[in-house]
Amino acid sequence: MKSPSSFEMNVAHDVCIDLRATLTSGQAFRWRESAEGIWLGTVERTAIALRQSPQGAPRRFEWQTFPTPNQWRVVADYLRLEVPLEDLYADWESVEPSLAEATRRFRGLRILRQPPQECFFAFQCATCNTVVKIERSVKKLAERYGEPIETPFGILHAFPALDALANADEAVLRGDLWGYRAPRVINLARHLLAKPPLWLESLREAPYLEAKAELVALHGIGAKIADCICAFCLDKDSATPVDTHIRQITCRLFRPDLEGKSLTPRVYDEIAREWHSRFGEYAGWAQQYLFLAEMQGGR
DNA sequence: GCTTAACCTGGACGC
DNA sequence: GCGTCCAGGTTAAGC
């Protein structure tokens with residue numbers, strides 16, 4: 001691995017962001033931190049290096065892109081820097097004081113605008129799985145089928161193209177920790193190939209419920225995965241994926257009456273409506289703070 | 001409209 | 001060392 005000093009980092013000022021919280025909050029699975037405290041990841045065919053500076057400061061960070069340098073738009077778009085986070089905190093805390101502790105702890109946590117295809121397939125892996133294993137599976141998938149991207153830190157891999165996934169070997173995928181999800185990935189890639197080009201991307205323009213309905217119509221995608229895709233790559237800021245953790249948080253904070261009830265479609269919708277009625281247009285962002293607090297416990 | 005079982009697999013846990 | 005359980009769900013069948 002070459003020294004990271006062989007290139008120059010740009011500096012972004014006056015931006016409310018916490019890179020660690022954002023990149024490790026369970027929305028994206030392929031970011032890794034180098035020994036120098038630089039976060040490395042890819043967006044389509046661009047590799048990105050990010051570093052919080054100075055250590056822990058939430059209003060300034062360093063960045064660079066590879067192989068084409070200085071692609072600020074790619075970075076700003078991915079991190080959704082256009083969203084005025086600090087205005088949202090005030091709104092949320094006025095309606096729900098219980099959020100104040102999480103917004104203080106994870107100040108600068110942002111929802112990402114990921115490449116839709118990577119987000120779509122990464123969350124196929126999330127069913128009955130652990131975050132550590134999801135990360136490992138998605139990494140293996142990219143390394144096996146994705147295009148290499150050269151960086152000063154070594155080779156990173158773009159997320160695989162649709163036709164590579166459609167033609168993937170099921171036995172190989174199963175061996176790469178995808179297990180019973182392997183045939184689902186291949187079938188979904190073939191379904192997407194049969195759609196008009198950029199169909200997934202076009203859902204960014206659709207209203208939330210319409211986009212979700214399109215996703216749920218695909219075999220293998222239920223309400224939770226559809227909401228993850230809507231929230232983490234399709235700009236649906238009010239989408240609130242209801243998983244086992246969110247269900248527990250909701251019962252504890254807002255709806256003790258739902259304790260012990262199965263997560264049927266009716267209960268799922270009821271929980272989602274609860275978050276939307278409290279936090280409105282950016283309910284998915286508010287939810288992410290309490291989700292991360294839950295995942296990290298009292299640390 | 002709800003419950004249940006099946007679907008891979010690795011790590012945590014109890015014994 | 002071994003057995004059991006569980007983990008960011010989805011689907012289909014049975015009631």
Side-chain angles (χ1 to χ4, degrees), chain A residues 21-31 102 106 109 111-112 114 118-141 144 168-192 212-234 236 239-253 257-275 283-297:
Chain A
T22 300
L23 302 176
T24 64
S25 61
Q27 1 170 12
F29 301 102
R30 289 205 300 136
W31 285 89
F106 303 118
L109 163 61
I111 296 287
L112 299 167
Q114 298 180 60
E118 171 156 0
C119 186
F120 179 92
F121 285 102
F123 275 98
Q124 300 311 312
C125 197
T127 64
C128 251
N129 215 342
T130 60
V131 172
V132 172
K133 283 170 68 181
I134 298 168
E135 288 171 350
R136 228 178 280 172
S137 306
V138 180
K139 180 171 183 277
K140 277 173 175 271
L141 189 69
R144 191 177 290 282
D169 185 320
E170 183 182 323
V172 169
L173 275 192
R174 281 178 182 269
D176 281 352
L177 299 178
W178 284 79
Y180 67 88
R181 308 165 192 89
R184 199 179 281 174
V185 167
I186 296 169
N187 286 333
L188 281 167
R190 291 175 182 165
H191 274 297
L192 290 192
K212 182 174 176 179
E214 291 274 356
L215 292 167
V216 167
L218 297 170
H219 187 90
I221 299 197
K224 193 266 176 177
I225 302 292
D227 273 332
C228 286
I229 297 167
C230 282
F232 303 141
C233 69
L234 298 180
K236 310 308 179 206
T240 51
V242 181
D243 63 16
T244 168
H245 303 288
I246 291 300
R247 182 176 140 203
Q248 285 169 12
I249 294 168
T250 309
C251 291
R252 198 171 61 232
L253 294 181
D257 59 303
L258 295 177
E259 187 72 56
K261 289 199 176 177
S262 298
L263 194 56
T264 61
R266 196 175 58 79
V267 172
Y268 186 105
D269 288 342
E270 221 169 307
I271 291 175
R273 271 202 303 275
E274 190 69 36
W275 285 83
W285 288 60
Q287 188 193 60
Q288 194 69 5
Y289 282 78
L290 290 173
F291 175 80
L292 186 57
E294 182 85 359
M295 296 297 277
Q296 295 199 354

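Residue numbers start from 1 in every chain, and the chains themselves are labelled A, B, ... in the order their sequence lines are given, proteins ahead of strands.
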Most 5' of P241(A) and V216(A) on DNA chain C, judged by nearest nucleotide: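 Closer to the 5' end of DNA chain C: P241(A).
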Output yes when at least one side-chain N/O atom of [X] is less than 4.0 Å from OP1 or OP2 of [N], else no.
{"X": "T264(A)", "N": "dG1(B)", "answer": "no"}
{"X": "R174(A)", "N": "dC8(B)", "answer": "yes"}
{"X": "R181(A)", "N": "dC8(B)", "answer": "no"}

[X] [atom1] to [N] [atom2]: how many Å, rounded?
{"X": "Q124(A)", "N": "dG9(C)", "atom1": "CD", "atom2": "C1'", "result": "10 Å"}
{"X": "I111(A)", "N": "dG8(C)", "atom1": "CD1", "atom2": "P", "result": "17 Å"}
{"X": "I134(A)", "N": "dC6(C)", "atom1": "CD1", "atom2": "C1'", "result": "14 Å"}
{"X": "L263(A)", "N": "dT10(C)", "atom1": "CG", "atom2": "C1'", "result": "12 Å"}
{"X": "W178(A)", "N": "dA7(C)", "atom1": "CH2", "atom2": "P", "result": "20 Å"}

Between dC13(B) and dG8(C) - P atom distance, rounded Å: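 dG8(C) and dC13(B) have their P atoms separated by 14 Å.
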Pairing partner (Watson-Crick or G-U wobble, both distances under 3.5 angstrom) of dC8(B):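 No nucleotide pairs with dC8(B).
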Pair partner, dG8(C) [Watson-Crick or wobble, under 3.5 Å]: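 Its partner: none found.
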Which nucleotide in [options] has an atom nearest any side-chain atom of [X]:
{"X": "H219(A)", "options": "dG8(C), dT11(C), dG11(B)", "result": "dT11(C)"}
{"X": "T130(A)", "options": "dC2(B), dG9(C), dA7(C)", "result": "dA7(C)"}
{"X": "T127(A)", "options": "dG9(C), dA12(C), dG8(C)", "result": "dG9(C)"}
{"X": "Y180(A)", "options": "dG8(C), dC2(B), dC8(B)", "result": "dC8(B)"}
{"X": "S262(A)", "options": "dT10(C), dG8(C), dT3(B)", "result": "dT3(B)"}

Flag for S25(A)-Y289(A): side-chain donor and acceptor within less than 3.5 Å: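 Looking only at side-chain atoms, S25(A) and Y289(A) do not form any donor-acceptor pair under 3.5 Å.
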With R30(A), the side-chain hydrogen bond (donor to acceptor under 3.5 Å, both in side chains) member among E135(A), E118(A), Q114(A):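 Filter result, single survivor: E118(A).
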Backbone N/O of A171(A) and side chain of D169(A): donor-acceptor pair under 3.5 Å: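 Answer holds: yes.
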Donor-acceptor contact present, side-chain Q27(A) to main-chain L23(A), <3.5 Å: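 Between the backbone of L23(A) and the side chain of Q27(A) there is no qualifying donor-acceptor contact (under 3.5 Å).
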What nucleic acid atoms does [X] come within less than 4.0 Å of, heavy atoms only: base, sugar-phosphate, or nothing?
{"X": "R247(A)", "answer": "nothing"}
{"X": "I246(A)", "answer": "nothing"}
{"X": "L173(A)", "answer": "nothing"}
{"X": "G26(A)", "answer": "base"}
{"X": "A182(A)", "answer": "nothing"}

Side chain to side chain, L173(A) and I186(A), heavy atoms closer than 4.5 Å: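 They are in side-chain contact.
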Separation between CD1 of I221(A) and NE2 of H191(A), rounded to the nearest 0.5 Å: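 Result: 10.0 Å between the selected atoms.
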Side-chain donor/acceptor contact of K224(A) with base of dG8(C) under 3.5 Å: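 Counting by modelled atom types and ignoring angles, a donor-acceptor contact under 3.5 Å is found here.
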